[in-house]
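Report on one structure; see the data block that follows.
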There are 2 protein chains.
Amino acid sequence: MTITIYDVAREANVSMATVSRVVNGNQNVKPATRQKVLAVIERLDYRPNAVARGLASKKTKTVGVIIPDISNVFYAELVRGIEDIATMYRYNIILTNSDQQADKEVQLLSTLFSKQVDGIVMMSDEVTKDMLSEMERSSVPIVLAGTVETSESFPSVNIEYHDAAVDAVNRLIQNGHTRIAFVSGNMDSTIDRVYKRSGYEKALKEANIEIDDNLIVGVDNTYDDGLAAWEELGQLNNPPTAFFAGNDEIAIGLIHGAQDSGLNVPNDIEVISFENSKLARMVRPQLTSVVLPLYDIGAVSMRLLTKFMNKEKIDEQIVVLPYRIEERDSVK
Amino acid sequence: MTITIYDVAREANVSMATVSRVVNGNQNVKPATRQKVLAVIERLDYRPNAVARGLASKKTKTVGVIIPDISNVFYAELVRGIEDIATMYRYNIILTNSDQQADKEVQLLSTLFSKQVDGIVMMSDEVTKDMLSEMERSSVPIVLAGTVETSESFPSVNIEYHDAAVDAVNRLIQNGHTRIAFVSGNMDSTIDRVYKRSGYEKALKEANIEIDDNLIVGVDNTYDDGLAAWEELGQLNNPPTAFFAGNDEIAIGLIHGAQDSGLNVPNDIEVISFENSKLARMVRPQLTSVVLPLYDIGAVSMRLLTKFMNKEKIDEQIVVLPYRIEERDSVK
DNA sequence: TTGAAAGCGCTAACAG
DNA sequence: CTGTTAGCGCTTTCAA
């Protein structure tokens with residue numbers, strides 16, 4: 001039924017080893033035989049079976065990707081970066097969604113290992129002990145994309161979240177605000193809970209602004225959470241006049257909450273975000289935001305992974321990409 | 001180094017067939033031996049090699065997914081639907097982006113076949129002859145998700161795009177508009193070029209409104225294209241007062257274009273969209289839109305694919321899902 | 001430059 | 001209920 005390397009060998013009067021050589025571009029084949037084999041391959045419409053190849057060579061040319069949720073633009077952008085570089089190096093991608101559940105992440109690692117992926121790119125809010133031990137159970141290279149693991153025992157690609165948060169909040173302080181809220185995403189995220197928050201607090205301290213825990217809200221990462229955070233913070237006796245939002249959806253929720261209350265952004269309220277997805281330009285006012293280069297983080301992670309898979313020399317396994325603030329209209 | 005089924009068999013004093021049976025949950029194993037084998041598996045930390053299994057069984061438990069671009073919410077939502085059902089049936093997904101290029105789609109089909117996927121879910125703007133012949137080269141089941149192929153020779157999951165377009169345009173007509181523009185996405189898309197357009201024209205004809213080709217614009221699918229379409233149509237001597245947009249990004253571009261010109265939506269201009277992504281609620285005014293159930297289309301497609309892969313009986317291989325219009329604030 | 005042969009790790013009859 | 005034995009389709013020494 002399915003035609004195999006063996007059929008080609010027979011038809012071309014060569015051994016299967018020779019067919020294998022031409023299929024794999026091995027130079028040790030006489031041009032004439034190569035032509036002959038190629039002709040038969042064409043005629044028989046032969047296609048190598050990648051599974052058999054994977055079993056024999058112990059390389060599958062596929063990498064696993066674990067992210068929280070592909071339907072979120074945030075992660076989708078990252079995956080596109082990964083995929084583009086993967087394609088460039090002739091890898092395919094097995095995509096999996098963890099929904100941020102640690103047990104699911106452990107299980108996904110396990111099934112990816114069993115599928116014999118050559119490497120894994122993973123993004124996770126928090127790398128737990130269980131995950132770490134699962135990750136160490138295999139010698140398959142893993143790179144962490146946009147995720148912080150404090151022991152730094154795995155390669156990773158990130159930006160300086162703390163510094164970026166300091167800059168963002170300073171941008172608000174320099175406009176005279178003293179009541180600045182931090183509407184974080186999920187506080188289960190190491191980046192939000194530790195790095196962005198510490199940046200927020202540092203900026204305030206340096207400006208001698210007292211930290212008010214009422215102004216720190218950890219919700220989830222959606223538009224509705226931004227809306228809800230606005231409701232909550234608006235109730236305060238002394239409500240905030242500026243917001244440092246954990247991501248674009250939250251920022252947009254905050255802005256619409258303010259606008260729906262009849263306030264003007266940026267005249268009455270200022271908002272700075274942390275993401276700069278496509279959404280940032282798709283609102284009025286457009287978002288001023290820290291640029292989190294998700295696509296690049298994905299691309300660089302995948303590139304780094306290829307180096308591990310090819311056993312190339314690695315200069316630095318902890319890579320830190322630059323960030324900047326894109327000035328638009330939600331901050332004066 | 002890596003531990004195999006053979007190691008387990010030896011340690012447990014059984015044959016590898018028995019180990020295989022317990023690993024695969026075959027009932028024909030005495031409970032006592034099962035326990036014994038399980039214990040050894042645990043002790044040795046054995047994990048089945050899915051590649052070897054795939055070669056032997058000719059089933060890889062992975063399906064291929066071909067979409068235009070994962071970084072577009074539109075497709076990302078679809079993929080999430082596919083992935084959820086795939087996970088439910090213990091399949092993994094190889095995700096590939098075609099960027100709408102026919103040659104790339106052909107090539108992706110080919111590499112997916114060589115990786116021995118058990119099935120494929122594909123979304124494409126237009127199914128070309130080349131693609132069709134590539135699709136027929138293999139007996140691997142393929143289902144088309146949210147894509148129309150006129151000969152209906154492949155299973156597919158869609159909605160009635162034509163009817164939906166009629167309803168959408170009627171919604172505008174019933175508000176008294178006679179200058180209604182159709183800002184389509186890419187006219188390379190069969191759905192846009194044929195179905196939505198014919199729906200648009202039918203609605204106008206039935207209302208005795210003359211079709212003005214100047215009001216039909218086929219751009220691309222992005223926010224910026226919506227903005228650009230506004231510029232173009234605004235130049236007209238007799239500009240449109242209502243818009244039927246091909247998708248949410250275009251609709252939002254149109255709305256912002258109008259607003260930036262000092263117009264009010266929906267009082268001066270009305271806009272109806274065709275998608276209803278998360279974005280629809282994330283603008284002011286919120287979008288009135290035909291609901292294109294992308295997640296469901298993905299989920300149903302994958303479910304249908306499992307039926308083919310399991311050789312279950314298929315009632316109807318052309319499935320048509322219901323649609324509705326979500327009334328919000330961009331239409332009065 | 002080419003071929004022979006031994007696996008890769010597992011499933012699936014088949015026999016007992 | 002369990003074991004034996006062929007493969008699955010390819011890569012990869014090793015010889016020639």
Side-chain angles (χ1 to χ4, degrees), chain A residues 1-38 40-41 44-62 90 111 113-118 138-140, chain B residues 1-38 40-41 44-62 90 111 113-118 138-140:
Chain A
M1 178 66 235
T2 55
I3 104 105
T4 74
I5 199 173
Y6 193 79
D7 301 313
V8 176
R10 184 170 24 73
E11 293 287 311
N13 289 312
V14 296
S15 71
M16 47 186 293
T18 299
V19 178
S20 177
R21 288 191 188 96
V22 349
V23 167
N24 293 298
N26 186 316
Q27 287 309 302
N28 296 338
V29 183
K30 190 162 49 166
T33 29
R34 179 188 305 285
Q35 291 315 314
K36 187 171 59 174
V37 171
L38 252 16
V40 175
I41 285 177
L44 263 40
D45 191 21
Y46 165 72
R47 306 195 207 188
N49 178 324
V51 172
R53 180 181 295 187
L55 182 59
S57 69
K58 293 173 175 293
K59 295 201 177 326
T60 55
K61 280 292 188 180
T62 112
R90 309 230 115 80
T111 100
F113 288 145
S114 84
K115 293 233 167 169
Q116 311 301 119
V117 294
D118 295 339
S138 163
S139 57
V140 169
Chain B
M1 179 65 234
T2 55
I3 104 105
T4 74
I5 199 173
Y6 193 79
D7 301 313
V8 176
R10 184 168 27 73
E11 293 287 312
N13 289 312
V14 295
S15 72
M16 48 186 294
T18 298
V19 177
S20 178
R21 288 190 187 97
V22 346
V23 166
N24 292 297
N26 185 317
Q27 287 309 303
N28 297 337
V29 182
K30 189 163 53 169
T33 25
R34 178 186 306 285
Q35 291 315 315
K36 187 172 58 176
V37 172
L38 252 17
V40 174
I41 286 177
L44 263 42
D45 193 21
Y46 165 72
R47 306 196 207 190
N49 179 324
V51 172
R53 179 182 295 185
L55 182 58
S57 69
K58 295 174 174 292
K59 295 200 176 325
T60 55
K61 279 296 189 174
T62 111
R90 309 233 115 81
T111 99
F113 289 146
S114 84
K115 293 234 167 170
Q116 313 300 120
V117 294
D118 295 340
S138 164
S139 58
V140 169

* Please walk me through it: do B:Val22 and B:Ile41 pass side-chain contact (heavy atoms from CB on, under 4.5 Å)? -> CA-CA 10 Å; B:Val22 346; B:Ile41 286 177; 4.2 Å; yes

* Asked: What nucleic acid atoms does A:Ser57 come within less than 4.0 Å of, heavy atoms only: base, sugar-phosphate, or nothing?
  -> sugar-phosphate

- Checking all strands, does A:Val14 fall into the base, sugar-phosphate, or nothing category for heavy-atom contacts under 4.0 angstrom? sugar-phosphate

Side chain to side chain contact (heavy atoms under 4.5 Å, CB included) filter on B:Ser57, not counting sequence neighbours, yields B:Arg53, B:Lys59

By side chain to side chain contact (heavy atoms under 4.5 Å, CB included), B:Ala52 pairs with (sequence neighbours left out) A:Leu55, B:Asn49

Would you please name every residue forming a side chain to side chain donor-acceptor pair (under 3.5 Å) with [X], sequence neighbours left out?
X: B:Ser138; result: none
X: A:Asp45; result: B:Arg137
X: B:Lys115; result: A:Asn92
X: B:Asp118; result: B:Thr60

[N] phosphate, OP1 or OP2: any side-chain N/O from [X] under 4.0 angstrom?
X: A:Tyr6; N: C:dG3; result: no
X: A:Thr33; N: C:dT2; result: yes
X: A:Asn28; N: C:dT2; result: no

Heavy-atom nearest nucleotide on DNA chain D taken for B:Thr18 and for B:Ala52; more 5' hit belongs to B:Thr18

Computed from five pairs at either end and rounded to 10 degrees, the angle between the axes of the helix from C:dT1-D:dA16 to C:dG16-D:dC1 is 30°

Sorted by chain and residue number, the salt bridge (charged side-chain N to carboxylate O under 4.0 Å, His left out) partners of B:Arg21 (sequence neighbours excluded) come out as none

Salt bridge (charged side-chain N to carboxylate O under 4.0 Å, His left out) filter on B:Arg47, not counting sequence neighbours, yields A:Glu134

I'd like a list of close polar pairs between nucleotides 4-7 of chain C and the protein, N/O only, cut-off under 3.5 Å.
none

Out of C:dC10, C:dG9, C:dG3, minimum distance to the side chain of B:Leu55 belongs to C:dG9

For residues 10-20 of chain B, the salt bridge (Lys or Arg N to Asp or Glu O under 4.0 Å) pairs (sequence neighbours left out) are B:Asp7-B:Arg10, B:Glu11-B:Arg43

Separation between OG1 (B:Thr4) and CE (B:Met16), nearest 0.5 Å, reads 7.5 Å

At a 4.0 Å cut-off to heavy atoms of chain A, the contacted part of DNA chain D spans D:dG9 to D:dT12

From CG of A:Asn26 across to P of C:dT2 the rounded distance in Å is 10 Å

